[in-house]
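Here's the structure we're looking at; comments come further down.
First listed ligand is number 1; within each ligand, the first listed atom is number 1. Just the heavy atoms: all of them, side chains too, but no hydrogens, waters or symmetry mates, feed the values below. We count residues from 1, following the sequence as given.
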Amino acid sequence: MTAASPATAAAEFRQWQGRASELLAAAPGRINLIGEHVDYQGGLVLPAAINLGVFAAAARLDEPLLRLQTSFPGADSVEIPLDGLHRREGAASWANYPLGVVACYQKAGHASGGLAISFDASLPAGAGLSSSAAFEAATAVIVEQALGISLPPRDRALLCQQAEHDYAGVPCGIMDQFAVNAGQAGHALLRDCRSLEVSPTPLPETVAMVFVDSGVKHALADGEYGKRRTDCETAARLLDVACLREATQEMVENAREALGERVFRRARHVVSEIDRTGQFAAAMAAGKLDEAARLMAASHASLRHDFEVSCDELDALVEIANNLGITGSRMMGGGFGGSTIQLVPAAEAASLAAAIETAAAARGLQVSAFPVTAAAAAAPVAL
Ligand code: GLA
């Protein structure tokens, strides 16, 4: 976490380009309360945009060029002709997110013209708060400002997702891009990834969210994400449904033999997780916080045993939270490292975050734990 802000992004732009920026954007990261590994099967997810994010400062260029730079350590700046936007490798690979967005807008008929964009971030990269979706959304808002347009959050999210697929090479679902483009302060978003409808869900003031970055990322993460998607597609095909959202737990149980043990367990996770997400939203709306916490615990168990995307460090962090009396604790995001999310009494958020760090250190885990709040969507910032 850094003290980055739109003002620091603007100051960096000035230093880099020797003139003032003319466009500013802020885009949040996201957490996900529940509904993990279901977005690419038309499921229900319950993410929230958060109060940490990516800030972009930009100016139009007379030449047909895209110039990109970021304060992220070890990231090269990039200059690339607008008619030749292609994937970059190595220290310039961070630029695939913004250049992919510019390219996808171009292909959709929204050619921005030359731009120089400088990024600063208060989000830690690679921690599971979706800095990638925040980079994409910040870029999208800059492009829209340059063109004097404002796309609906849903269209912007879909263009950002396209950029991630085609330019970053990550076959992600739609959850992250939706969360950062449609977030509302004080609310989580119950998103139906089949109809793409969204219902903002107020977060009671008595509860707070504590995020824990495990600091680990296991090498198999990327390939395993694709394998999970493929297993789910196999299950849907064998169950003769368009996506697992259309299946019931009973259908999955009845097809156990036909699916085979691994695919059966993948499907059981997805179908039960979709049910849990609906139940969680209802429990929150009814103020049944114990029930919501119980559902988070069940989500973690399912991700661990059936979907097999947890790891020792994440399991240890959930156990540490449980030992501190936090039932609502689970791994969050793609898995194989990354982070956990905790639902805690608001008054104890800061002390519980500190207690998690201490207990983790005693087990040899250097983690970073802090409360996050639900924030608004990506948007232009007035200069
Ligand atoms: C990553 C992807 C999302 C989603 C989660 C798992 O964050 O980007 O689309 O699939 O993993 O829920």
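- Put simply, I341 and V309 are part of the same group of oily side chains (I, L, V, M, F, W, Y) that touch within less than 4.5 Å, one to the next.
- With hydrogens left out, the protein atom closest to atom 8 (O) of ligand 1 is D176 OD2, 2.8 Å, a heavy atom.
- Exactly one residue among Q161, E164, R30, R156 makes a side chain to side chain donor-acceptor pair (under 3.5 Å) with Q177. That residue is E164.
- Counting only heavy atoms of the protein, atom 10 (O) of ligand 1 lies nearest to Y225 OH, 2.6 Å.
- Taking the six-membered ring where tryptophan is involved, the planes of W94 and F119 are perpendicular, since the angle between them exceeds 60° and thus also 30°.
- Closest to atom 3 (C) of ligand 1 among all protein heavy atoms lies D39 OD2, 3.4 Å.
- Distances between N or O atoms of G173 and those of ligand 1 include at least one value under 3.5 Å.
- In this structure, R229 has no heavy atom closer than 4.0 Å to ligand 1.
- Using a 4.0 Å cut-off to heavy atoms of R30, the atoms of ligand 1 that qualify are 7 (O).
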For a quick test of your reading: what N or O donor-acceptor pairs under 3.5 Å do the side chains of residues 351-358 make, sequence neighbours left out?
from : atom 1 : to   : atom 2 : distance (Å)
S351 : OG     : E348 : O      : 3.1
E357 : OE2    : A369 : N      : 2.8
T358 : OG1    : A354 : O      : 3.0

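- Annotation for ligand 1: atoms under 4.0 Å from non-hydrogen atoms of G334 are 11 (O).
- For ligand 1, the atoms lying closer than 4.0 Å to a non-hydrogen atom of Y40 are 10 (O).
- Taking the six-membered ring for Trp, Y167 and H86 have ring centres at least 6.0 Å apart.
- Tested against D306 for a side chain to side chain donor-acceptor pair (under 3.5 Å), the candidates R268, R265, R262 yield a single pass: R268.
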